[in-house]
Amino acid sequence: MPESTAKKIATLRQQIQTHNYNYYTLDTPTITDAEYDRQIRSLRTLEDKYPQYASSESPSQSVGGPVLDSFNKVPHEMAMLSLGNVYSEEELNEFIERIHKRLKNTQELIFCVEPKLDGLAISLLYEQGQLIRAATRGDGSVGEDVTYNVKTIKNIPHTLQGDNIPQRLEVRGEVVMPIADFHAFNQQALANDTKGFVNPRNAAAGSLRQLDSNITAQRPLAFYSYGIGIIEQGSLADSHYQRLQQLKQWGLPITHEITQETDAKGCITAYQQLLANRPKLEYEIDGIVYKVDDIALQEQLGFVARAPRWATAHKFPAQEEQTQLLDVEFQVGRTGAITPVAILEPVFVGGVTVSRASLHNADEIQRLELKIGNTVIIRRAADVIPQIVKALPGSQALKEIIFPVSCPVCDSEIERIEGEAIARCTGGLYCAAQRKEAIKYFASRKAMNIDGLGVKVVEQLVDEHLINNPADLFTLNTEQLVPLERMAAKKAENLINAIDQCKQTTLAKFILALGIREVGDATAKNLAEHFLTLDAIQNADIEALEQVDDVGEIVAKHVVTFFRQVHNQEVIQALIATGIYWPEIQAKESHELPLAGKTYVLTGTLTKMDRNEAKLALQALGAKVSGSVSKKTDYVVAGESAGSKLTKAQDLEISVLSEDQLLNILNRDF
Ligand code: IVH
């Protein structure tokens, strides 16, 4: 073995430790992530090749250790205590009052004020600056040995840096999963169809208590110090705040929001500031902790039961509570989107009483496996709409939640296009929930272009029950309009004239004005030019619609479903009855085109052009291109791996063309 290997390993370890310190403690990395990964890889390669140099202290070990049968018990030399709580400024004053009483004076008190992290308490034991053991809090007296797992947490140094490090030092703090990492982890779990975590705290606890530390190594955990347990052979500052700063200098992370405050006033201001900043923090917190900063005073005050007299937590309003799911209502949005809404037994959460929560869509109900009657966990983070996090397993289930097939407002069909999460009402022209949007769209510039019928006027007309659908516009008179806000006689007269004038339109604009999903001005124009009459469009089936430029299966389905709704038909009849008219459209001289009257079906994979290009090219020559093979088909163009359509063509003895033959036709000099 070359003599320099030991030195190489030592240098690499030292370098990596410095980079860890720069990255995690100083927040100023001096190398790229890629270079860092290369150094870790080199170190691992050397350690694998020369196992005599392997060391549990090596920074390469932050990938995990052996799989354990169970965790060893660790008695805490100094008990790990919990904190008392105050819930108001008044209670904080009482807490401070008690301290003054006990100290027998009323001197001004300095507090070290820290965020209360919502994670898992942990004790880290360093001997001669080396991390030798990590333990959970357990019952406060005895915890569990999670050293292998803790060593995988990237911002925990295995070796402390700097001077005056006590021979034995126990650092206490919280292990958390940062909020962004928690969401990313859950997103990935959803994609992999594995179970995610309910909240960042459970994620941290679940990840740390793994018997296989290789699993922990893959979890994005982080640690923040908030205190010190044992100190042997070494001394530290006599201020808690200064001690935390010292830990930071040795390479141990602390939270960014630690301050020193004087008396209750300073504490309450810090509480309000932290509460306001809560949504911006990278970790989840559930309150603030006030600690008497002077260590000598802390010692004088001591403990009562299992909590110190010198510290207390001031909790923020809880962001999660549990309650009962009483029912699910289905709301229809302005554009017809159907949203399930959970009706809840009212519960106080995140500072407000919540009695409803959006369930987003049918997939969400399925994902949560919700049933009416379930006990559910509601989460309302600051400024975020309440969410149902999960149903408690085994809670009572009274009824299945059934997604409606017809609109709860207008009874039209509900349509859900494959692959889309949102289901929608198809009664766009009639549905009361969509009324305002439908009329605004009908009147808009690119549709019927009714001058003076802006958004505000439509809203007033609907709110005053003067109109319910676009056809009602044509029944209005000036006397009805004048009482409306900011509507003088002249303006009312102009509007009535504009409504009357819009009756002369084009078929394309009329089709557009109906507001059929995904039928914009280009598609409306293509439909009009292809079918020539409103009747023909209304009677077209999906196959016929697919013949139109730019109309695929989805748009075709939207058109068919829209015209199938009885209520939409009623409004269309009423519109026509008002006298709306358009000039007749002359059929294009399609019989003069070379492929006029021929129907083609394209199937299989085309290699020299895509299917849509081929379709457009054939249509430009006058051919019809259909999606399915029938007796009416003249030619089937079979690309690679053509399947059932080719078989059907053969059965029906229809001419089958290759891609090259198609290209010959398209390139022919007609
Ligand atoms: S000090 C003797 N400081 O809160 C003092 N605890 O309810 C003991 N916690 O188990 C704790 N952030 O897990 C302290 N800045 C902070 C904290 C904090 C979170 C947790 C800790 C403890 C629990 C006590």
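Just so it is clear, the model here is predicted, and its values are computed rather than measured. Counting from 1, the numbers follow the sequence of the chain as shown.
- Between Glu415 and the options Arg517, His558, Lys557, a side-chain hydrogen bond (donor to acceptor under 3.5 Å, both in side chains) holds for only His558.
- Just one of His360, Arg367, Gln366 meets the side-chain hydrogen bond (donor to acceptor under 3.5 Å, both in side chains) condition when paired with Glu364; it is Arg367.
- Salt bridge Glu144/Arg209: present, at least one basic N to carboxylate O contact under 4.0 Å.
- Checked by atom type, the side-chain pair Glu320/Asn199 shows a donor-acceptor distance below 3.5 Å.
- Side-chain contact, Gln569 with Gln538: a donor N or O sits under 3.5 Å from an acceptor N or O.
- In this structure, CD on Glu114 lies 5.0 Å from CD1 on Ile258, to the nearest 0.5 angstrom.
- Under 3.5 Å, the side chains of Thr523 and Glu518 contain no donor-acceptor pair of N or O atoms.
- Using modelled atom types, one finds no donor on one side chain facing an acceptor on the other under 3.5 Å when comparing Tyr87 with His314.
- Neither side chain, Asn361 nor Asp363, offers a donor N or O lying under 3.5 Å from an acceptor on the other.
- Checking Gln460 against Glu485 by side-chain atom types alone, no donor-acceptor pair falls below 3.5 Å.
- Inspection of the Gln218 and Asn214 side chains reveals no N or O donor paired with an N or O acceptor under 3.5 Å.
- Electrostatic pairing of Asp463 and Lys436 counts as a salt bridge here, judged by a charged N lying under 4.0 Å from a carboxylate O.
- Salt bridge Glu459/Lys456: absent, no basic N to carboxylate O contact under 4.0 Å.
- In this structure, a donor-acceptor pair under 3.5 Å is present between the side chains of Ser626 and Glu543.
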